[in-house]
Amino acid sequence: MPRFALLGLLLLALGKVALAQVPVEVFGGHERTTLDVLFFKYVKNQAKENSRFLFFNRNRASVDYRQTSTTYLPTFGFTEAISYNHPALKGLAPVVTVQVFNTGVFPKAGLQYFHRSEHVTLFTWTVVELARDPLADWFVLARWEPPLSEKLKLFSQLELVNAFPTAGGDNYSFIQRVRVGVRRNAVQVGLGCDWVSTGRSQYSTTTNAGVFLRYEFP
């Protein structure tokens, strides 16, 4: 499927998603500030009930404090995905994604797993780029939100974004993002840290530690 046709399909699905509780995170670190919008919700059917299609949206932008006219320029990334979740598969689902970065548009396909209970969320996929010498991605998002009191919950989140190139000589990329704080109604606040490692035989790692504020817009 052409990449722009796939992108159009995902945008059409977005139009049928109930956009309640869309979380927006602002993370102020010691090296850069990021803005992050991430949610996954079922597409509604004609009866306004959850269908078997799950839509994933990720919009992320980063601004480095060391920015000049030619270096440390702002970055952005958009990831849209849709999966077909049959009850017999017990959380496993085929998934197609489109990722848009500063460097281009990248359609991918693979397998996804999604589980949500009262206090635990686990969302992960492994997808492969639909191109020659493809890039394989393994993504994990895990949350644990147990109650701390009548009005407060713990908010803890671990995110892994791993990229494995198949072309010889290209660098691997490993990203870890940790958030730990408290949640009260639609607001989450706390401490966080992002680590980014790139390389192959030798790796270069950057760290961005700071505070985050999340708000789930109704």
Side-chain angles (χ1 to χ4, degrees), residues 7-29 32-64 74-83 85 95 97-102 112 114-125 139-161 175 177-194 208-218:
L7 179 59
L9 176 64
L10 295 173
L11 292 176
L12 179 63
L14 175 60
K16 297 185 178 181
V17 177
L19 296 182
Q21 296 181 332
V22 175
V24 177
E25 178 194 273
V26 177
F27 179 60
R32 65 190 64 85
T33 293
T34 61
L35 177 66
D36 199 349
V37 179
L38 188 157
F39 67 87
F40 34 90
K41 297 185 181 296
Y42 284 99
V43 178
K44 299 296 182 179
N45 57 25
Q46 293 182 346
K48 304 302 181 182
E49 300 172 337
N50 289 344
S51 70
R52 294 179 178 178
F53 291 96
L54 183 70
F55 183 83
F56 175 96
N57 173 86
R58 184 31 154 344
N59 302 321
R60 183 177 175 84
S62 175
V63 177
D64 197 295
T75 62
F76 69 86
F78 306 102
T79 299
E80 318 294 335
I82 192 164
S83 59
N85 296 261
V95 60
T97 77
V98 171
Q99 295 179 312
V100 182
F101 300 118
N102 303 60
Q112 172 186 293
F114 174 53
H115 168 79
R116 175 177 283 168
S117 61
E118 184 178 2
H119 306 309
V120 175
T121 300
L122 177 61
F123 186 100
T124 181
W125 69 41
F139 171 75
V140 179
L141 179 72
R143 290 181 186 146
W144 185 43
E145 301 177 272
L148 297 175
S149 67
E150 184 178 345
K151 296 183 178 180
L152 291 179
K153 287 185 176 182
L154 174 70
F155 180 83
S156 60
Q157 177 175 289
L158 171 66
E159 183 181 349
L160 307 176
V161 185
I175 301 173
R177 301 186 182 111
V178 175
R179 304 289 186 266
V180 178
V182 294
R183 174 185 186 128
R184 180 182 171 93
N185 298 325
V187 178
Q188 301 96 52
V189 62
L191 303 177
C193 192
D194 298 345
N208 190 42
V211 297
F212 72 89
L213 173 65
R214 298 175 81 251
Y215 183 79
E216 295 183 356
F217 285 91

* **Within-4.5 Å side-chain heavy-atom neighbours: Phe27 and Asn208** => yes
* To do: Measure the shortest side-chain to side-chain distance between Asn85 and Gln112 over non-hydrogen atoms and say whether it is less than 4.5 angstrom.
  => yes
* To do: Mind checking the CZ-CG spacing from Arg179 to Leu191? Nearest 0.5 Å is all I need.
  =>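 Going from CZ on Arg179 over to CG on Leu191, the span is 10.5 Å.
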What are the two closest non-hydrogen atoms of [X] and [Y], and how far apart are they?
{"X": "Asn102", "Y": "Pro74", "answer": "ND2-O, 3.4 Å"}
{"X": "Thr33", "Y": "Gly28", "answer": "OG1-CA, 4.1 Å"}
{"X": "Pro147", "Y": "Lys153", "answer": "CA-CG, 4.0 Å"}
{"X": "Leu35", "Y": "Val24", "answer": "CD1-CG1, 3.7 Å"}
{"X": "Trp144", "Y": "Val120", "answer": "CD1-CG2, 3.8 Å"}
{"X": "Arg60", "Y": "Asp36", "answer": "NH1-OD2, 2.9 Å"}

* Asked: Under 6.0 Å between the ring centres of Phe53 and Phe55?
  ->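 That pair fails the under 6.0 Å test.
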* Asked: Taking the inter-plane angle between the rings of Phe78 and Phe76 on a 0 to 90° scale, is it parallel (under 30°), tilted (30 to 60°) or perpendicular (over 60°)?
  -> tilted
* Would you please classify the geometry between the Phe139 ring and the Phe56 ring as parallel, tilted or perpendicular, with 30° and 60° separating the classes? => perpendicular
* **Sole residue of Arg143, Glu25, Glu145 in side chain to side chain donor-acceptor pair (under 3.5 Å) with Gln157** => Arg143
* Structure fact -> side-chain hydrogen bond (donor to acceptor under 3.5 Å, both in side chains) filter on Thr124, not counting sequence neighbours, yields Trp138
* Asked: Under the side-chain hydrogen bond (donor to acceptor under 3.5 Å, both in side chains) test, which residues partner Glu159, sequence neighbours left out?
  ->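 Here the qualifying residues are Arg58, Arg177.
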* Could you tell me whether the side chain of Arg116 and the main chain of Glu118 form a donor-acceptor pair under 3.5 Å? => no
* **Step-by-step side-chain contact (heavy atoms from CB on, under 4.5 Å) determination, Leu54 to Phe123** => CA-CA 11 Å; Leu54 183 70; Phe123 186 100; 3.9 Å; yes
